[in-house]
Amino acid sequence: MANVLVVTSGKGGVGKTTSTAALGAALAQAGEKVVVIDFDVGLRNLDLVMGAERRVVFDLINVVQGVAKLQQALIRDKRLENLWLLPASQTRDKDALTDEGVGRVIAELRTKFDWILCDSPAGIERGAMLAMRYADQAVIVTNPEVSSVRDSDRIIGMLDSKTVKAEQGERVIKHILITRFDPARAARGEMLSIDDILEILATPLLGIIPESQDVLRASNVGSPVTLNNVASAPARAYTDAVRRLMGETVDMVVPTERRGLMNRLLGRRAA
Amino acid sequence: MSMNLLRLFSGSKATAPVARERLQILLAHERGLRGQPDLLATLREEILAVVSKHIQLDPDKVTVKLDRGPAVSTLEVDIEVPNDFEKTKALAERRAGAA
């Protein structure tokens, strides 16, 4: 049965698009049939992070409005044959997305894919609401920083009240994904710890993605970080997160960079 | 222990506990208010309505502040009243009587 999963956060710049691409690719690497949908109308970027920006012809709004068929708008990944992208429109008005239209597209995707990952725009406006509207599960991307945690709390409230699941008296399964985590700074008390964040948000943890240069390197070349450098710390963290999404029990550790001698002498190891 | 030593050498203070406490207080309030009408706005409106029955108010001379604490919060309404407000009041009453 298909899983509709929204990647959301409220706050911008915390890593929603990076995480959508990385989780989507990791699920596809695990053999699942995956589509990632960009809901950020007017500010699409998932195509760029996935390296498909030059292959966009039709988009989500074209499909919602019946201008294009779903098959015409879906872009198949060049590296993974069971990974697909449904891009957002860069030019249309975001009001062109309707609740009913999005519902129809998601229902059709459910018949074709194992996982439907919805990359939410920042904020709590229409695009963000529609991205979460039909979700069965939610990954709430959170940075260890006060404004991000506050916005995550707000989004959790909306997942519990504004989704179809919530209106039917059911629950969206929620997971916290902590990104840009620096274990050394957290250990020194300069950064909110994992325990602090989880206690405040009272939501289970899906994974901890360490702050890493590999994330920028991957987006520079248009490749999900789990594909670009499988052995990198963030790739291993996303892969672990995906195994948990698929029901496996995986020990929660913060993968660390493979350090040189100087780094090892100067830095601290992750707990 | 080792954390304290580290801090001694680095000269920085642990700020994460402050972040944690501020968030806990803030979110406790925000969760309570979710789906409710804005209490602060309602209080402000109603208090000003009562006061303006007796005094002519200049909206720019009114400040409303809310300070949220862990156990109690304070709502501070600061209204600047001109010294001749008794006269203004009498005038307002006469006008109301005439109407």
Side-chain angles (χ1 to χ4, degrees), chain A residues 9-11 14 124 129 132 140 142-163 166-167 172 174 176 178 180-203 208 211 254 265-271, chain B residues 1-49 59-79:
Chain A
S9 70
K11 190 174 180 337
V14 296
I124 52 171
M129 298 301 309
M132 71 167 65
I140 302 133
T142 307
N143 287 173
E145 183 268 322
V146 286
S147 57
S148 174
V149 175
R150 179 197 209 175
D151 292 357
S152 292
D153 191 72
R154 183 87 193 272
I155 285 290
I156 288 169
M158 297 174 86
L159 286 164
D160 289 340
S161 60
K162 312 271 187 191
T163 52
E167 286 170 8
V172 172
K174 301 178 298 271
I176 298 291
I178 296 173
R180 312 202 71 162
F181 187 69
D182 184 335
R185 298 197 72 188
R188 288 198 299 268
E190 297 170 8
M191 183 181 263
L192 283 166
S193 71
I194 303 293
D195 288 344
D196 287 345
I197 298 170
L198 297 182
E199 192 194 324
I200 291 167
L201 295 178
T203 302
I208 307 161
E211 172 81 66
V254 188
L265 285 172
L266 293 172
R268 266 181 59 105
R269 253 195 60 101
Chain B
M1 182 63 188
S2 71
M3 256 168 64
N4 288 338
L5 265 177
L6 249 164
R7 228 172 283 149
L8 193 68
F9 285 121
S10 64
S12 67
K13 263 171 103 181
T15 47
V18 182
R20 177 198 157 94
E21 201 190 325
R22 288 177 59 220
L23 271 171
Q24 279 172 330
I25 293 167
L26 174 69
L27 293 182
H29 276 274
E30 286 188 345
R31 285 171 189 155
L33 294 175
R34 216 165 265 163
Q36 304 282 318
D38 184 353
L39 177 66
L40 180 61
T42 312
L43 278 177
R44 183 192 142 98
E45 235 167 74
E46 292 186 5
I47 289 171
L48 293 188
D60 294 338
K61 302 282 168 68
V62 179
T63 53
V64 182
K65 281 185 201 159
L66 184 71
D67 194 2
R68 290 175 174 140
V72 287
S73 301
T74 56
L75 175 69
E76 189 184 315
V77 183
D78 196 332
I79 303 170

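As the structure is a prediction and not an experimental result, all values here were calculated from the model. By convention in this document, chain letters (A, B, ...) are assigned in the order of the sequence lines, proteins followed by strands, and residues within each chain are numbered from 1.
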| request: Give a yes or no on whether B:R31 atom CZ has more than 12 heavy-atom contacts from other residues, nucleotides or ligands under 6.0 Å away. | output: yes
| When you look at CZ of B:R20, are more than 12 heavy atoms from neighbouring residues, nucleotides or ligands closer to it than 6.0 Å? | yes
| task | Quick one: pull up CG in B:L23 and CD in A:E145 and give me the separation to the nearest 0.5 Å. | result | 9.0 Å
| From CG (A:D196) to CD (B:Q24), nearest 0.5 Å | 7.5 Å
| said: Can you tell me which of A:I197, A:L192, A:I156 forms the most heavy-atom pairs within a distance under 4.5 Å of chain B? | reply: A:L192
| Pick from A:R154, A:E199, A:M191 with the largest number of heavy-atom pairs that fall under 4.5 Å of chain B | A:E199
| query | Any idea which heavy atoms bring A:G189 and B:P17 closest together, and the distance? | reply | O-CD, 4.2 Å
